2 protein chains.
Amino acid sequence: MSNQAAGGSHRAAPVHTDPEDVSVLTALSALADPVRIQLVRELAGSADWTRSCGSFDVPVGKAALSHHFSVLRGAGLVEQRDQGPKRVNRLRREEFEARFPGLLDLLLRGDGTD
Amino acid sequence: MSNQAAGGSHRAAPVHTDPEDVSVLTALSALADPVRIQLVRELAGSADWTRSCGSFDVPVGKAALSHHFSVLRGAGLVEQRDQGPKRVNRLRREEFEARFPGLLDLLLRGDGTD
DNA sequence: CCGAGTGTTCGATGCGTATCTTACAGTCCG
DNA sequence: CGGACTGTAAGATACGCATCGAACACTCGG
């Protein structure tokens with residue numbers, strides 16, 4: 001069972017989806033939700049691997065939060081890594097941009113119009 | 001009752017929303033639906049004002065179809081005009097592109113990946 | 001080894017919405 | 001006028017999904 005080398009965890013690694021394998025419908029569905037939009041925006045304003053799941057200021061419980069991150073992973077928007085007891089996140093900017101050019105920019109440049 | 005000059009109708013004119021007044025969330029929600037994606041794509045492949053609502057090859061009844069067009073109007077994606085007994089459509093490409101740059105292209109250039 | 005902290009999973013619930021059927025309102029043509 | 005055609009409106013239904021509470025799994029520090 002040689003798995004992690006440095007700072008690894010013995011937990012089930014999060015399942016990631018390559019943005020290249022994501023359909024337009026899946027991408028749009030993932031982003032068509034107020035909570036997930038907020039997550040992506042907040043994540044975009046932070047450095048990679050600096051935000052744990054619980055560190056986001058969203059008005060939902062942790063169960064729903066976990067679900068939202070699962071959806072974001074499935075859409076190739078977020079990458080997660082276990083760091084001690086926490087699960088830290090990274091927005092897959094370049095990869096997602098390569099698959100859906102301009103889409104992320106739309107969200108991030110998005111006015112408050114919500 | 002002098003109302004319309006050329007080819008007018010006495011029906012309640014469809015309510016349109018200016019793309020400028022559409023939120024990102026509304027736009028994404030409108031496009032996060034298989035039927036509406038197909039409508040937009042088919043509409044994009046046709047000349048303006050040449051397609052009546054019933055001329056689309058979608059697997060839903062006309063009631064649901066009417067609803068979908070209502071959503072597309074509300075997202076500033078489609079403009080409608082009454083032409084005789086039919087209601088003809090036009091994709092608001094430029095206006096929508098100005099509000100959400102690249103979003104329509106994403107859909108239209110979208111691979112079959114659905 | 002225990003306890004605090006973090007996140008996932010499961011079951012249940014509520015709400016939005018996509019859908020259909022039916023009925024209705026216009027428009028046009030004969 | 002009457003009938004065919006087109007689209008909307010209203011009511012009913014069903015399914016998806018966002019949410020929550022509770023239980024569980026894992027990590028780390030005393």
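These numbers were taken from a predicted model, which means no experiment stands behind them. The sequence lines fix the lettering, A, B, ..., with proteins before strands; numbering per chain opens at 1.
Picking from D:dA18, D:dT8, C:dT19 the nucleotide with the shortest atom distance to the side chain of B:Gln80 gives D:dT8. Between D:dC20, D:dA18, D:dT6, one nucleotide has an atom nearer to the side chain of A:Ala64 than all others, and that is D:dC20. Considering only the side chain of B:Ser52, D:dG7 comes nearest among C:dT9, D:dT19, D:dG7. Distance from the side chain of B:Val60 is smallest for C:dC20 among the nucleotides C:dC20, C:dA18, C:dG7. Side-chain proximity of B:Arg87 to D:dT8, C:dG5, D:dA18: nearest is D:dT8.
If you measure from atom CZ of A:Phe56 to atom C1' of C:dG7, you get 14 Å, rounded to the nearest angstrom. Residue A:Ile37 contributes atom CD1, which lies 12 Å from atom P of D:dA18 at whole-angstrom precision. Atom-to-atom, CG of B:Leu65 to P of D:dT8 comes out at 8 Å; the value is rounded to the nearest Å. In this structure, A:Asp82 places its CG atom 12 Å from C1' of D:dA25, rounding to the nearest Å. Rounded to an integer number of Å, the gap from CD of B:Gln83 to C1' of C:dG26 is 15 Å. A:Arg81 has its CZ atom 15 Å from the P atom of C:dG7, to the nearest Å. Between A:Lys86 atom NZ and D:dA25 atom C1' there is a gap of 18 Å when expressed in whole angstrom units. Nucleotide C:dT8 holds its P atom 13 Å from the NE2 atom of A:His68, rounded to whole Å.
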Worksheet, complete the sentence: In B/S/- notation (B base, S sugar-phosphate only, - none; protein heavy atoms under 4.0 Å), nucleotides 10-15 of chain C written 5' to 3' is ------

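Put simply, NE2 on B:His68 and CZ on B:Arg36 are 6.0 Å apart, with the number rounded to the nearest 0.5 Å. To the nearest 0.5 Å, atom CD of residue A:Glu94 and atom CG of residue A:Leu104 are 11.5 Å apart. Rounded to the nearest 0.5 angstrom, B:Asn89 CG and B:Leu72 CG are separated by 9.0 Å. Between the CG atom in A:Asp33 and the CG atom in B:Leu25 there is a gap of 7.5 Å [rounded to 0.5 Å]. Considering CZ of B:Phe56 and CG of B:Leu43, their distance stands at 4.5 Å, rounded to 0.5 Å. In this structure, B:Glu95 CD and B:Phe100 CZ are separated by 12.5 Å, a value rounded to the nearest 0.5 Å.
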Worksheet item: Can A:Val78 and A:Leu39 be said to form a side-chain contact (heavy atoms from CB on, under 4.5 Å), step by step?
Response: CA-CA 10 Å; A:Val78 163; A:Leu39 289 177; over 6 Å; no

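Each of A:Glu79, A:His16, A:Gln80 was evaluated against A:Arg73; a single residue qualifies, A:Gln80, per the side chain to side chain donor-acceptor pair (under 3.5 Å) test.
Shown for residues 69-77 of chain B: no residue has heavy atoms falling under 4.0 angstrom of DNA chain C.
Cluster membership check: A:Leu77 shares its hydrophobic cluster with A:Leu108, using side-chain heavy-atom separations under 4.5 Å among Ile, Leu, Val, Met, Phe, Trp and Tyr.
At least one side-chain nitrogen or oxygen of B:Arg36 sits closer than 4.0 Å to the OP1 or OP2 atom of C:dA18.
Counting non-hydrogen atoms under 4.0 angstrom, A:Lys62 reaches a base of the nucleic acid.
Side-chain atoms of B:Arg99 come within 3.5 Å of backbone N or O of B:Val22 as a donor-acceptor pair.
DNA chain C is contacted by both B:Val35 and B:Pro85; B:Val35 maps to the nucleotide lying nearer its 5′ end (nearest heavy atom per residue).
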